Amino acid sequence: MKIPPVKGTRDFYPADMAVRNWMIDGWKKVSLRNGFEEYDGPIFEYLKMFQLKSGDEIVEQLFSLKDRGGRELAIRPEITPTLARMVNQKISSLPKPIKWFSVPRLCRAERPQRGRLREFFQWNIDIIGVDDVLADAETIFCALDYLQEVGLTPNDIVVKISNRKMLAAILQSIGISQGELEPLYAVLDKRDKLPQEAFEEMLTKQVGDENKRTLILKLMTVESIEQISSVVELSKTAKESVDELGRLFELLDVMGAGDFCVFDIGIVRGLAYYTGIVYEIYDKESELRAIGGGGRYDNLLKQFGGPNIPATGFGVGDCVLAILLEEKGLLKPKPQELDYFITFVSNITFNDKEGNIQSTPEDEMVKLTAKLRRLGLKADFSYKLTESLSKKLKEASTRNAQKCIIIGEEFKDNQLSVKDMATGQQELVDINKFLAEVKLQSR
RNA sequence: GUGAAAGUAGCUCAGUUGGUUAGAGCACUGGAUUGUGGAUCCAGAGGUCGCGGGUUCGAACCCCGUCUUUCACCCCA
């Protein structure tokens, strides 16, 4: 019986695995050089943990199960709640700020589409315990540090940034009540995702008052921070958060990442828990869904039963990123290589003075391969039964061997033929000398 | 979860109005070449035409269902 792979999952064949490892290794390398430490949690948690943050409708979007003890569990659709729990548990003993990263494997029971699968990897970076907008700048820098590392430029991607605190303050000064904010965010978040007409229709349903609506529509057209004050008069809080946004762009400039970043008042993020700076990273043509996004979530740890501690962070999924890098020709995983590929010539034996067979070339091949492996080198041999050396050299080529060793007649004089596969040059080397040199090389 | 389109070899695709044994390129295996790779040539293997049912003398082709993928919604933590 043939069993197909599950909807929305991927099989990682060696070539795919090379891509996945290349990407994740890059994330880890950049995280570490930006001063973040790696953490991870369990792949499933209590279902309640995800309901707490996002409500009941989210239950439909995740894979849940009941264990034999009747516990309601769910496979993690995100790692932030786990992070909150882990930090809360040790909050008093952890030095601040907490700069942690993770590359969790996540599952969401959504309908798969291009760039969105049911199982994926997500690079997460968080800074906990810093109020300063510098922390937001640092997380954005870190994301860009990686994206630049793999070759993306301001011509390829853009970070669209806004401030929820600012939006809240302005909307409240227009006359939108606290309770209306949340559903209104959901509408405003759609500005770039819907045709203008559909957007205005949604807005009309949400905001009955025409004067307010006109102001909001006008506000949503501003293209720079400076323009905001020309549309509405800023309250004290609004002015502070506009300044905060200004300071963020200053810092991003100072860090040399300013070319990637723009202000975009349409960035709201659907999620309820964001409290300040919010941003999303897109491909320049906006052909794909968001590459990643994040922002400040100052209330989340408290919501998970911890102290009132500010936090900011982002997530970048592997699916959209892989599509973008593929399109740009920037997907360059290292091919699997061998240091040595060991072959032998058939139809000879190695005899003692009396003519008794002491060993065969095949045994010598296995012996040498084992020795090289024990010395820490990547070494392999052919399982082909063919006597054709040609075929074995061909295999050495396809295996990306740097050097090919041939055990033949010259082995009787303790010599190996060592062929450099890149230059095609071949030399006779004394076997003991060869092993001594390899030993030095492997240190 | 709703609506739409697509599905032929490992990959990219051809396949005439429904007509005999479903093809090509790349990749793979063997040989040309029993001590020399990447090239070339020859050969081989690989298919229940996504799956199930129906119409028909006859189905890769038409109809229904289903699965998967993609697109538009919902959602996007």
Side-chain angles (χ1 to χ4, degrees), chain A residues 1-11 13-16 45 49-55 57-62 74 76-84 104 106-118 120 122 124 186 189-190 193-195 198 268-274 278 280 287-295 297 300 313-315 317 319-320 323 341 343-348 361 382-411 416-426 428:
Chain A
M1 189 158 87
K2 214 173 181 179
I3 298 176
V6 175
K7 183 196 191 93
T9 64
R10 286 170 291 178
D11 291 330
Y13 288 87
D16 312 303
E45 295 274 3
M49 173 165 260
F50 304 113
Q51 286 171 309
L52 183 62
K53 189 173 117 183
S54 321
E57 62 281 15
I58 227 71
V59 174
E60 315 225 328
Q61 310 264 31
L62 44 80
R76 62 184 177 190
E78 57 171 331
I79 201 170
T80 314
T82 303
L83 171 69
L106 307 176
C107 291
R108 296 176 186 175
E110 294 171 302
R111 185 133 185 178
Q113 273 180 46
R114 182 171 152 91
R116 184 165 84 175
L117 297 170
R118 289 187 161 188
F120 56 97
Q122 192 184 60
N124 280 255
D189 189 54
K190 298 244 182 311
K193 294 158 188 164
L194 287 177
V268 184
R269 311 267 301 148
L271 214 62
Y273 67 72
Y274 287 107
V278 282
E280 286 174 358
E287 282 170 358
L288 306 172
R289 53 183 70 242
I291 298 161
Y297 52 99
L300 192 68
F314 72 78
C319 302
V320 176
I323 292 169
F341 192 80
T343 64
F344 65 92
V345 171
S346 310
N347 291 343
I348 54 169
S382 178
Y383 275 98
K384 283 190 203 303
L385 295 173
T386 179
E387 290 179 353
S388 159
L389 185 60
S390 169
K391 288 286 169 197
K392 293 179 192 169
L393 277 164
K394 191 170 180 168
E395 191 178 352
S397 275
T398 57
R399 295 288 302 275
N400 290 319
Q402 299 193 334
K403 298 201 169 167
C404 188
I405 294 173
I406 302 160
I407 298 170
E409 286 291 340
E410 62 275 22
F411 190 80
L416 295 170
S417 290
V418 180
K419 185 183 179 82
D420 186 305
M421 296 301 284
T423 64
Q425 282 181 347
Q426 186 171 321
L428 283 174

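This is a predicted model, so every value here is computed, not measured.
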*Looking across every strand, which nucleic acid part, if any, lies under 4.0 Å from A/Glu395 by heavy atom: base, sugar-phosphate, or nothing?*
nothing
*Under the side chain to side chain contact (heavy atoms under 4.5 Å, CB included) criterion, do A/Lys403 and A/Met421 qualify, and how do the steps go?*
CA-CA 5 Å; A/Lys403 298 201 169 167; A/Met421 296 301 284; 5.6 Å; no
*Return the 5'-most residue of the pair A/Val6, A/Gln122 with respect to RNA chain B, ranking by each residue's nearest nucleotide.*
A/Val6
_Atom pair distance, as rounded to whole Å: CD1 in A/Ile323 and C1' in B/U70_ = 11 Å
_Minimum-distance nucleotide to A/Ser397 side chain [options: B/G37, B/U36, B/C74]_ = B/G37
Do any N or O atoms of the protein come closer than 3.5 Å to N or O atoms of nucleotides 29-33 of chain B, and which pairs are they?
| unit_1 | atom_1 | unit_2 | atom_2 | d |
| --- | --- | --- | --- | --- |
| B/U33 | O2 | A/Ser390 | OG | 3.4 |

*Give A/Gly424 one of three labels, base, sugar-phosphate or nothing, depending on what nucleic acid heavy atoms sit under 4.0 Å from its own.*
base
*A/Asn400 has an atom CG; how far is it from atom P of B/G37, in whole Å?*
17 Å
*Remember a base hit wins even if backbone is also touched, and classify A/Lys392 as base, sugar-phosphate or nothing at under 4.0 Å, heavy atoms.*
nothing
*For A/Thr386, enumerate each residue passing the side-chain contact (heavy atoms from CB on, under 4.5 Å) test, keeping only those at least two apart in sequence or located in another chain.*
A/Lys384, A/Ser388, A/Lys391
*With A/Tyr297, which residues qualify under ring-ring contact (aromatic ring centres under 6.0 Å, His included), at least two apart?*
A/Tyr273
Protein-nucleotides 2-13 of chain B N/O pairs closer than 3.5 Å?
| unit_1 | atom_1 | unit_2 | atom_2 | d |
| --- | --- | --- | --- | --- |
| B/U2 | O4 | A/Arg111 | NH1 | 2.9 |

_Roughly how many Å apart are B/U55 and B/U16, using the P atom of each and rounding to a whole number?_
24 Å
*B/U36 C1' sits how many Å from A/Phe344 CZ, rounded?*
15 Å
*Which part of the nucleic acid, if any, lies within contact of A/Gly295, taking any heavy atom under 4.0 Å across all strands shown: a base, the sugar-phosphate backbone alone, or nothing?*
nothing
_Holding to side-chain contact (heavy atoms from CB on, under 4.5 Å), I want the full list of residues that pass it with A/Arg10, two or more places apart in sequence or in another chain._
A/Phe12, A/Leu117, A/Phe120, A/Phe121, A/Asp318, A/Cys319
*Please state whether the base of B/G35 and the side chain of A/Ser417 form at least one donor-acceptor pair under 3.5 Å?*
yes
_Rounding to an integer number of angstrom, what distance separates B/A6 and B/G44 when you compare their P atoms?_
36 Å
*Looking at CG of A/Leu385 and OG of A/Ser346, how far apart are the two atoms once the value is rounded to the nearest 0.5 Å?*
10.0 Å
*Starting at atom CZ of A/Arg10, determine the distance to atom P of B/U70, rounded to an integer number of angstrom.*
11 Å
*Given the P atoms of B/G46 and B/U29, what is the spacing between them in whole Å?*
15 Å
*For the base of B/A77, is there a side-chain donor-acceptor partner from A/Arg108 under 3.5 Å away?*
yes
*Contact class for A/Glu410 vs. all strands (heavy atom < 4.0 Å): base, sugar-phosphate, or nothing?*
base
*Heavy atoms under 4.0 Å, any strand shown: does A/Arg289 hit a base, just sugar-phosphate, or nothing?*
base
*Start with the C-alpha gap between A/Ile323 and A/Leu288, add the side-chain angles, then the distance that decides, and say whether side chain to side chain contact (heavy atoms under 4.5 Å, CB included) holds.*
CA-CA 9 Å; A/Ile323 292 169; A/Leu288 306 172; 3.8 Å; yes
*asked:* For a quick check, with a 4.0 angstrom heavy-atom cut-off, what is the B/S/- contact string for nucleotides 42-52 of chain B, read 5' to 3'?
replied: -----------
*asked:* Using atom C1' in both nucleotides, what's the gap between B/G1 and B/G18 to the nearest angstrom?
replied: 38 Å
*B/C26 and B/U69: how far apart are their C1' atoms, nearest whole angstrom?*
23 Å
*Can you tell if the side chain of A/Arg76 reaches within under 4.5 Å of the side chain of A/Met49, non-hydrogen atoms only?*
no
*asked:* Between B/G30 and B/A45, how many Å separate the two P atoms, rounded to a whole number?
replied: 15 Å
*A/Tyr273 OH to B/C76 P: how many Å, rounded?*
11 Å
*All ring-ring contact (aromatic ring centres under 6.0 Å, His included) counterparts of A/Tyr13, not counting sequence neighbours*: none
_Which residues pass the ring-ring contact (aromatic ring centres under 6.0 Å, His included) test with A/Phe341, not counting sequence neighbours?_
none
*asked:* Using modelled atom types and a 3.5 Å cut-off, is there a donor and acceptor pairing between side-chain atoms of A/Asp189 and backbone atoms of A/Arg269?
replied: yes
*Test side-chain contact (heavy atoms from CB on, under 4.5 Å) applied to A/Thr398 - qualifying residues, sequence neighbours left out*: A/Glu395
*Atom-pair distance (CZ on A/Arg399; P on B/C28), nearest Å*: 13 Å
*For A/Arg108, check salt bridge (Lys or Arg N to Asp or Glu O under 4.0 Å) against everything at least two apart and list the hits.*
none
_salt_bridge(A/Arg118, A/Glu110) N-O dist < 4.0 Å_ = no
*Send over the distance from A/Leu288 CG to B/U70 P, rounded to a whole Å.*
13 Å
*Should A/Pro361 and A/Phe411 count as side-chain neighbours, where that means a heavy-atom distance under 4.5 Å?*
no
*Is the shortest side-chain N/O distance from A/Gln113 to OP1 or OP2 of B/A72 below 4.0 Å?*
yes
*Write down the distance separating the C1' atoms in B/A60 and B/C13, rounded off to the nearest Å.*
15 Å
*Contiguous Watson-Crick or G-U pair runs (3 or more, under 3.5 Å) in RNA chain B*: B:1-7 with B:67-73, B:10-13 with B:23-26, B:28-32 with B:40-44, B:50-54 with B:62-66
_Value in whole Å for how far the C1' atom of B/C76 lies from CG of A/Leu117_ = 13 Å
_Under-4.0 Å side-chain N/O to phosphate OP1/OP2 contact, A/Lys419 with B/U36_ = no
*Checking A/Ser417 side chain against A/Gly408 main chain: does a donor-acceptor pair fall under 3.5 Å?*
no
*Report the nucleotide, chosen from B/C75, B/C71, B/U36, that has the shortest atom-to-atom distance to any side-chain atom of A/Gln61.*
B/C75
_Let me spell it out: for each of A/Asn347 and A/Leu393, pick the nucleotide of RNA chain B with the closest heavy atom. Which residue's pick is nearer the 5' end?_
A/Asn347
*Please list, chain by chain and in numerical order, all residues satisfying side-chain contact (heavy atoms from CB on, under 4.5 Å) with A/Pro5, sequence neighbours excluded.*
A/Thr9, A/Asp11
*Taking atom P in both B/C63 and B/G25, compute the distance separating them and give it to the nearest angstrom.*
33 Å
*Do A/Thr80 and A/Asn124 come within less than 4.5 Å of each other through their side chains, counting heavy atoms only?*
yes
